[in-house]
There are 4 protein chains.
Amino acid sequence: MDCSDKKECREKKAAIIQATVELVGEHGFHGAPMAMVAERAGVAAGTIYRYFENKDALITGTYKDLEERLQAKVLQGFPEQGTPREKFFHFARVLVKWWIASPVDFRFVEQFHNSPYGVAQRRDKLLGKQRNLCWDIFHEALEQQGVKDLPLPILFGLTFGPLILISRDHNHGFIALDDTMIEQTIEGCWNAVKR
Amino acid sequence: MDCSDKKECREKKAAIIQATVELVGEHGFHGAPMAMVAERAGVAAGTIYRYFENKDALITGTYKDLEERLQAKVLQGFPEQGTPREKFFHFARVLVKWWIASPVDFRFVEQFHNSPYGVAQRRDKLLGKQRNLCWDIFHEALEQQGVKDLPLPILFGLTFGPLILISRDHNHGFIALDDTMIEQTIEGCWNAVKR
Amino acid sequence: MDCSDKKECREKKAAIIQATVELVGEHGFHGAPMAMVAERAGVAAGTIYRYFENKDALITGTYKDLEERLQAKVLQGFPEQGTPREKFFHFARVLVKWWIASPVDFRFVEQFHNSPYGVAQRRDKLLGKQRNLCWDIFHEALEQQGVKDLPLPILFGLTFGPLILISRDHNHGFIALDDTMIEQTIEGCWNAVKR
Amino acid sequence: MDCSDKKECREKKAAIIQATVELVGEHGFHGAPMAMVAERAGVAAGTIYRYFENKDALITGTYKDLEERLQAKVLQGFPEQGTPREKFFHFARVLVKWWIASPVDFRFVEQFHNSPYGVAQRRDKLLGKQRNLCWDIFHEALEQQGVKDLPLPILFGLTFGPLILISRDHNHGFIALDDTMIEQTIEGCWNAVKR
DNA sequence: TATGAATGAGGTTTCATTCAT
DNA sequence: CATGAATGAAACCTCATTCAT
């Protein structure tokens, strides 16, 4: 944990995180015992505890890592000067495409949000304690009166709720999303909140 | 199991289901070991197995029970002769109000949908194998060209996705939904799909 | 138990014994829980306890019933006036044919002998406390000096040991015993002890 | 499991096997719960599962261990150049002496043969899939026409059946085998099959 | 007398975590 | 630092037995 400057350590931690994402994504929290995570990561069981205090920390840390990677992806080509609408469209596109390109990542995130761990995360985000892009976009939109004057959680719900469900259905094979459908859905989301 | 005609047995089964909903809703699947379910239901551990073959059957059976109770609630005052829009509004209202009135029920349903159990359920519903009110509403709307010509999963996603998220946020205390806000959100959902 | 004069009771007890033989014979002691025995016998679980004090008594009682039925079979056509050799041949023939005609009976008896229950039974038989045909045959043979002067258990071992094993192998399908082979084996057994 | 090169591990596995033999031998399969095996072996319950996948594997593995030890004993002083008769006598002597010297070993083997596990073992042995000394002896004898032309299972039955029974009776205290009696019995066995 | 639902002790197995090497 | 064998609490489930009906 405190050897994050050494390359070998960083690689080992990355392997552990990747193994966690895969196993939780594939089989749920039940199907990801520490020993199995260790095996898939190519390290010994005890080694995980040098990087994460316990299993809870492993799960939370893995989620944070995914979130950071998402942030990085969203920032690529982000229309800093665009309207909130354009910003939202960019954000939503990246999000959905990431989820359907990496089903295990998506599954992990879903599992996480639906577990006790997830609640605290969500609280920080909604209350703006942990500022992020998403929060900024809607604040700007509210100020410019581009969206209805609703509480942030409702705006989030109306926009991201659908994106989550359709990504899930795509990954389960219930629909086959293509660019057009994705675009239509994002449009629908925006229609739900635009003024 | 086969004593469903006796009042005592029905009460016992109901107690087991209630205990399951509460414990899973409060602490997740992890936090609902059979022994604890039994204790809260006021029965012996072995007794559960007279009503449910194993833990999986207990979870699935509990979900089905919740679903049936929802159906019953929705049917009360259902606008059989109304437009699809009116039907959807009725359905959505009942759904959200139930969820925020019974947070443990909502939490259980959420957990369920995010578990392997949930996928099969959802598949049946989306493919129309297990016809239900919800499916009927959108089919009628599609025929009357009242909603956009999108695949069912996307229509569901656009409409129920937000309802799920805002109910979650309400239960977590991030927002305090009142009738007006609920109505506005449902309106937003419909805007997302209406033609 | 104390209603052995009523026909219905006798039939019920017989059904319980038959169910016990079958289940133990088919799946071993592990595979014969009381509830299953009851179900196959067509009675309620609690009913068994009116006929047998507990599971041990059920097993022991079932064994005794089988033994009595064997005795009855052996006595049919028994060469009372014959030589010990003829008597042994008759006994052995009946035994082997019964075992290969009723594999479950045989399996039950085997299981029984190899369980703690069996030891006491065998003790009584060998020590002559519980006199029986078999014991009589060899005593007569010893007196007439038709067989070697060996302790009874050894004479039993040399004669019945093989019969047990070949019956087992037949029932497992390793060999297909016919009358000739049975006769040859019995002959071999007698050769092992004859003077 | 994969630490069989370390002395400590080998000792631990041996302790588990020994505990299994003793408990099954003394009290049957019923009387050997994993927790008790662990306690007697001086390890924690979970430790057994590092060496054996489950209880079945423990039982089967223990049997194989006993068989290997028997093989080793038989090979000491084995009359490679002797006649089949001499070889059989050697084999039988070692067998009986081992059984009456180690009653728990004998009891374990008996229990094993009478369980579902045992059938597969026996099948392999009789069909020659798993070649062994015993099988070789009788094949040689058949070729040299030293024994009657009977199916292998019958030859085995006629020779080992008695040995098993008398060992059992000795261990139960019904007879007290001495070298002479053992020799006489083995002689009897051979007489049963010799041409 | 017969029933069968209920009991709860006890069985097998898993797995997060520790610690000697 | 890394290892992975060992731990033992705790999970799920079975089943002999009882007892109200």
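Labels below follow one simple rule: chain letters A, B, ... track the order of the sequence lines, proteins then strands, and each chain is numbered from 1. Keep in mind it's a predicted model, so treat the numbers as computed, not measured.
Taking atom NZ of Lys13(C) as the reference point, atom C1' of dA2(E) lies 17 Å away to the nearest angstrom. For the pair Arg10(A) CZ and dC1(F) P, the interatomic distance rounds to 14 Å; values are reported in whole Å. For the pair Ile59(D) CD1 and dG11(E) P, the computed distance is 14 Å after rounding to whole Å. In this structure, Glu11(C) places its CD atom 16 Å from C1' of dA2(E), rounding to the nearest Å. When the C1' atom of dT3(F) is taken as reference, atom NZ of Lys12(A) falls 10 Å away, rounded to whole Å. As rounded to whole Å, 14 Å separates atom C1' of dA5(E) from atom CD1 of Ile48(B).
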### Message
Treating primed atoms plus P, OP1 and OP2 as sugar-phosphate and everything else as base, which nucleotides of nucleotides 11-21 of chain F get B, S or - for protein heavy atoms under 4.0 Å?
### Response
SSBBSSBB---

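Regarding contacts with the backbone of dC1(F), every side-chain N or O of Arg50(A) stays at 4.0 angstrom or more from both OP1 and OP2. For dA6(F), the OP1/OP2 oxygens have a side-chain nitrogen or oxygen of Tyr51(D) closer than 4.0 Å.
Side-chain contact between Val104(A) and Glu26(A) is present, with heavy atoms from C-beta onward closer than 4.5 Å.
Once rounded to the nearest 0.5 Å, the distance linking CD1 of Ile17(C) with OH of Tyr51(C) reads 11.0 Å. Atom-to-atom distance recorded for Phe52(C):CZ and Met34(C):CE is 9.0 Å, nearest 0.5 angstrom.
Within the shown strands, dA2(E) is the pairing partner of dT21(F) under the Watson-Crick or G-U definition, both distances less than 3.5 Å. Shown here, dC12(F) forms a base pair with dG11(E); the pair counts as Watson-Crick or G-U wobble because both key distances fall under 3.5 Å.
A donor and an acceptor atom, one from each side chain of Gln18(A) and Glu22(A), are located under 3.5 Å apart. In this model, a donor atom of one side chain and an acceptor atom of the other lie less than 3.5 Å apart for Tyr63(B) and Glu67(B).
The shortest heavy-atom contact between Val37(C) and Ala32(C) is CG2-O, 4.0 Å.
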### Task
Apply side-chain contact (heavy atoms from CB on, under 4.5 Å) to Ile48(D) and Lys55(D), showing your working.
CA-CA 9 Å; Ile48(D) 300 178; Lys55(D) 195 170 185 180; over 6 Å; no

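Nucleic acid contact for Lys6(D): none, since no nucleic acid atom lies under 4.0 Å from a heavy atom of the residue.
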